[in-house]
Amino acid sequence: MKVPFNDLALLHHSIGEEINEAIKTVIDGSGFVLSKAVSSFEQAFAQKLGVGHCIGVGNGTDALSISLKMLGIGAGDEVIVPANSFIATSEAVSIAGATPVFADCDSYYGLCPNALKTKITSRTKAVIVVHLYGQAADIESISAICNDAGLIMLEDCAQSHFSSYKHSYTGCFGEAACYSFYPGKNLGALGDGGCIVTNNHNLAEKIRMYCNHGSMQHQKHVFEGSNSRLDGIQAAILEVKLKYIDNWNRQRLELAEAYTELLKINKHIVCPEIRPGAGHIFHLYVVRTQKRNELLQWLFKHNVQCGLHYEKALPFLPCYQQKNHSPAEFPVASEYQHLLLSLPIYPGMTAAQLKYTTNCIGEFYSQQ
Ligand SMILES: *Cc1c(COP(=O)(O)O)cnc(C)c1O
C-alpha cells in the first residue's frame, strides 16, 4: 500500500468539473487581474470568516510583510515571532525592514505567552501569532499581553483556514490576519496566492493601494507600492473550493481522531493535544518521538510519506546564524525540533491507509 503525504490530484479530481467551469468563466471574461472573480472571492472569504475586509495578494509571505509595512512597522522595530514556524513568518519581518525576535513555543506548538513576555523591549512593535499546524495559539493570553504592552497583534493563518477558538475563527483576533493559498494548505489555489483580512477600514484601503502600485484609480499613484495581487483564475478556483472547506477540515479532524485513537497506546509516541477551546483543523498531524529519524526512514521504506515541520527551529537556521542563539534560550522548540514527525493527512485519505500507517509504526517499535 502507498500512503502519500498529501494527494492534491485526488482532491481536485473530485471537483474537476466545477474548477474547469470556473476557469473557463474567467478566460471568457478576460478577468485575470483585479477582476470580478477576485472581488467575489474576497467578499465570500470575508463573509465566511466574519471580518470586514479581505484583500487578495500574491502569496502568504507578501500578506505578512505588506501587513507589517502598512501598519507602519520597519527599520529599528522588533517583531516577536514563534521559534517554531515556517521561515516565511520571520522572513516577512525582515522584508518589512524590521528585526524578527524569536520566542519559545508551548506544548500545543503555539507561541508561549510567558516566553513572549521576556522578549518585549522598548523597540518591540508587534507580535506575529502563528496558529501552527491548524490549531489556535494561546490567543487570549497573547492578546492580553499585547494590549498591556501596546503591541500590535498580527495573525499568521497560513495553516489555519477556519480553525477556531471558543467559537470565533482564527483570523478574527488580530489587527489583521494573513493567509496563504499555497496549493498544499487546507484552502489552496492551483498556484501561489494569499490574502489579508482586517476590520480596520483605513488599513484595508492602504493595503489595497500598496498591492496595486499605491493607487486606487488608474494612473493615480498616491505613493509607491508594489505589485502583489491574487490572480482572477486562482480567485475563481478558491471560491469553488471555499464551498468544500468545512467538509475537508472535518475529514482532517476525523482522520486525526482516528490516528490518536490508534497511536495513544504506543508509549513511544506523543500525539498532538487539542488546546481547550480550540477547533483544530489539522493542517498537519504532528507527533513527537525519540526515534524520529529512524521511524521516518522506516515509514518511507514502507511507502508511507512523512514530513518534518520543522527540521530546525527558526533561530537555528543558517540564515539566523549571526544571531548566535543557544538551545537554552528556546528549551521547548530546541527539544521538539529533533522529535517532530508529520504523518500523512489529507481529505480523501482512506481508513485503510491510516491503519496501514499506524500498523507500520507499531511494527517499527516492536522491533526496537
Ligand atoms: C505557508 C506559510 C506561509 C507563507 O505562505 P506562502 O504563500 O507560501 O508565501 C507563512 N506562514 C506559515 C506558517 C506558512 O505555513
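It should be emphasised that the depicted structure is a prediction, and the values quoted were computed from it without experimental measurement.
Residues S163 and Q135 bring no donor and acceptor atom of their side chains to less than 3.5 Å of each other. Between D138 and S141, the side chains place a donor N or O and an acceptor N or O closer than 3.5 Å (distance only, hydrogens not considered). Inspection of the N186 and H283 side chains reveals an N or O donor paired with an N or O acceptor under 3.5 Å. Using modelled atom types, one finds a donor on one side chain and an acceptor on the other under 3.5 Å when comparing Y346 with Q353. A donor and an acceptor atom, one from each side chain of Y179 and S160, are nowhere located under 3.5 Å apart. Counted by atom type alone, N202 and K206 present zero donor-acceptor pairs between their side chains at under 3.5 Å.
Residues P272 and V287 have side chains in contact (heavy-atom distance under 4.5 Å, counting atoms from C-beta outward). Considering only heavy atoms from C-beta on, I237 comes within 4.5 Å of I23 through its side chain. With a 4.5 Å cut-off on side-chain heavy atoms, I66 and C211 count as touching. By the 4.5 Å heavy-atom criterion applied to side chains, V93 and T99 are not counted as neighbours. Between S94 and P100, the closest side-chain pair of non-hydrogen atoms falls below 4.5 Å. Considering only heavy atoms from C-beta on, P344 comes within 4.5 Å of M349 through its side chain. Within the 4.5 Å cutoff, the side chain of E175 has heavy atoms near those of the L71 side chain. Counting only heavy atoms from C-beta outward, the side chains of F102 and P82 never approach each other to under 4.5 Å.
Side-chain N or O atoms of T124 include one that pairs as donor or acceptor with a backbone N or O of T121 at under 3.5 Å. D106 places a side-chain N or O within donor-acceptor distance of the main-chain N or O of Y109, the cut-off being under 3.5 Å. With H302 contributing its side chain and T357 its backbone, the two residues share no donor-acceptor pair below 3.5 Å. Counting only distance, with no hydrogens or angles, the side chain of T260 and the backbone of E257 share no donor-acceptor pair below 3.5 Å.
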Could you list the donor-acceptor pairs under 3.5 angstrom formed by side chains in residues 145-156, with sequence neighbours left out?
{"from": "E155", "atom 1": "OE1", "to": "H131", "atom 2": "NE2", "distance (Å)": "2.7"}
{"from": "E155", "atom 1": "OE1", "to": "G171", "atom 2": "N", "distance (Å)": "2.8"}
{"from": "E155", "atom 1": "OE2", "to": "G171", "atom 2": "N", "distance (Å)": "3.3"}
{"from": "E155", "atom 1": "OE2", "to": "C172", "atom 2": "N", "distance (Å)": "3.4"}
{"from": "E155", "atom 1": "OE2", "to": "F173", "atom 2": "N", "distance (Å)": "2.8"}
{"from": "E155", "atom 1": "OE2", "to": "G174", "atom 2": "N", "distance (Å)": "2.7"}
{"from": "D156", "atom 1": "OD1", "to": "A158", "atom 2": "N", "distance (Å)": "3.1"}
{"from": "D156", "atom 1": "OD2", "to": "T89", "atom 2": "OG1", "distance (Å)": "2.9"}

Table please: side-chain donor-acceptor pairs of residues 43-55 below 3.5 Å, with sequence neighbours left out.
{"from": "K48", "atom 1": "NZ", "to": "D246", "atom 2": "OD1", "distance (Å)": "3.0"}
{"from": "K48", "atom 1": "NZ", "to": "D246", "atom 2": "OD2", "distance (Å)": "2.8"}

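Scanning all heavy atoms of the two residues, the minimum distance from A103 to L111 falls at CB-CD1, 3.7 Å. Here the closest non-hydrogen pair linking A236 and A37 is CB-CB, 4.3 Å. The shortest non-hydrogen separation linking A92 to L68 is O-CD1, 3.8 Å. The shortest heavy-atom contact between H325 and P315 is CD2-CB, 3.6 Å. Between S326 and E329 the shortest heavy-atom distance is N-OE2, 2.7 Å. L64 and A88 get closest at one heavy-atom pair: CD1-O, 3.9 Å.
Using cut-offs of 30° and 60° for the angle between ring planes, the Y244 and W248 rings count as parallel. By the 30° and 60° cut-offs, the orientation of the rings of H309 relative to F5 is parallel.
Heavy atoms from other residues, nucleotides or ligands lying under 6.0 Å from NZ of K24 number 12 at most. Y108 OH: more than 12 foreign heavy atoms inside a 6.0 Å radius. Under a cut-off of 6.0 angstrom, the local environment of CD in E224 is sparse, with at most 12 non-hydrogen atoms contributed by other residues, nucleotides or ligands. Remark: Q367 CD is packed, more than 12 non-hydrogen atoms of other residues, nucleotides or ligands lying under 6.0 Å away. Within 6.0 Å of atom NE2 in H13, 12 or fewer heavy atoms from other residues, nucleotides or ligands are found, so the atom counts as exposed in its surroundings. Other residues, nucleotides and ligands contribute over 12 non-hydrogen atoms within 6.0 Å of the NZ atom of K125. Residue-environment remark: CD (Q321) stays at or below the threshold of 12 foreign heavy atoms within 6.0 Å. Enclosure of atom CD in E363 by more than 12 non-hydrogen atoms of other residues, nucleotides or ligands within 6.0 angstrom is indicated.
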Full working for salt bridge (charged side-chain N to carboxylate O under 4.0 Å, His left out) between E140 and K166 = CA-CA 10 Å; E140 274 180 344; K166 293 195 178 163; 3.2 Å; yes
Determine, step by step, whether L340 and N84 satisfy the side-chain contact (heavy atoms from CB on, under 4.5 Å) criterion, reporting the C-alpha distance in whole Å, the side-chain angles of both residues, the deciding distance to 0.1 Å, and the verdict.
-> CA-CA 11 Å; L340 300 169; N84 183 30; 4.0 Å; yes
Could you go step by step and tell me if K241 and E18 meet the salt bridge (charged side-chain N to carboxylate O under 4.0 Å, His left out) rule?
-> CA-CA 9 Å; K241 293 181 77 174; E18 269 187 286; over 6 Å; no
Can E254 and R250 be said to form a side-chain contact (heavy atoms from CB on, under 4.5 Å), step by step?
-> CA-CA 6 Å; E254 283 166 11; R250 200 174 315 114; 3.8 Å; yes
Steps toward side-chain contact (heavy atoms from CB on, under 4.5 Å) verdict (V57, I196) = CA-CA 7 Å; V57 299; I196 300 163; 4.0 Å; yes
Worked check of ring-ring contact (aromatic ring centres under 6.0 Å, His included) between F41 and F181 = CA-CA 12 Å; F41 168 71; F181 301 126; 5.5 Å; yes
Quick one: do I139 and T170 satisfy side-chain contact (heavy atoms from CB on, under 4.5 Å)? Show the steps, please.
-> CA-CA 9 Å; I139 199 88; T170 55; over 6 Å; no
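Cluster membership for I345 and L10, using ILVMFWY side-chain heavy atoms within less than 4.5 angstrom, is shared. The cluster map of Ile, Leu, Val, Met, Phe, Trp and Tyr, joined by side-chain heavy atoms under 4.5 Å apart, puts L354 and I361 in the same cluster. When the side chains of ILVMFWY residues are joined at heavy-atom separations under 4.5 Å, either directly or via intervening members, L343 and L11 end up in two distinct hydrophobic clusters. By the rule that hydrophobic residues join a cluster once side-chain heavy atoms approach within less than 4.5 Å of another member, F86 and Y336 end up as members of one cluster. A chain of hydrophobic side-chain contacts below 4.5 Å, direct or via other Ile, Leu, Val, Met, Phe, Trp or Tyr residues, connects F330 to L132.
A salt bridge is defined here as a Lys NZ or Arg NE, NH1 or NH2 lying under 4.0 Å from an Asp or Glu carboxylate O, and R208 with E42 meets this definition.
For residues 250-276, every residue pair satisfying the ring-ring contact (aromatic ring centres under 6.0 Å, His included) rule, not counting sequence neighbours, is listed here: Y259-Y285, H268-Y365.
Annotation: cation-pi pair R275/Y165 absent, no NZ/CZ under 6.0 Å from the ring centroid and within 45° of its normal.
Under the ring-ring contact (aromatic ring centres under 6.0 Å, His included) criterion, H280 pairs with F282, sequence neighbours left out. For Q337, the side-chain contact (heavy atoms from CB on, under 4.5 Å) criterion is met by K312, A313, F316, S334, not counting sequence neighbours. In this structure S228 satisfies the side chain to side chain donor-acceptor pair (under 3.5 Å) test together with D62, sequence neighbours excluded.
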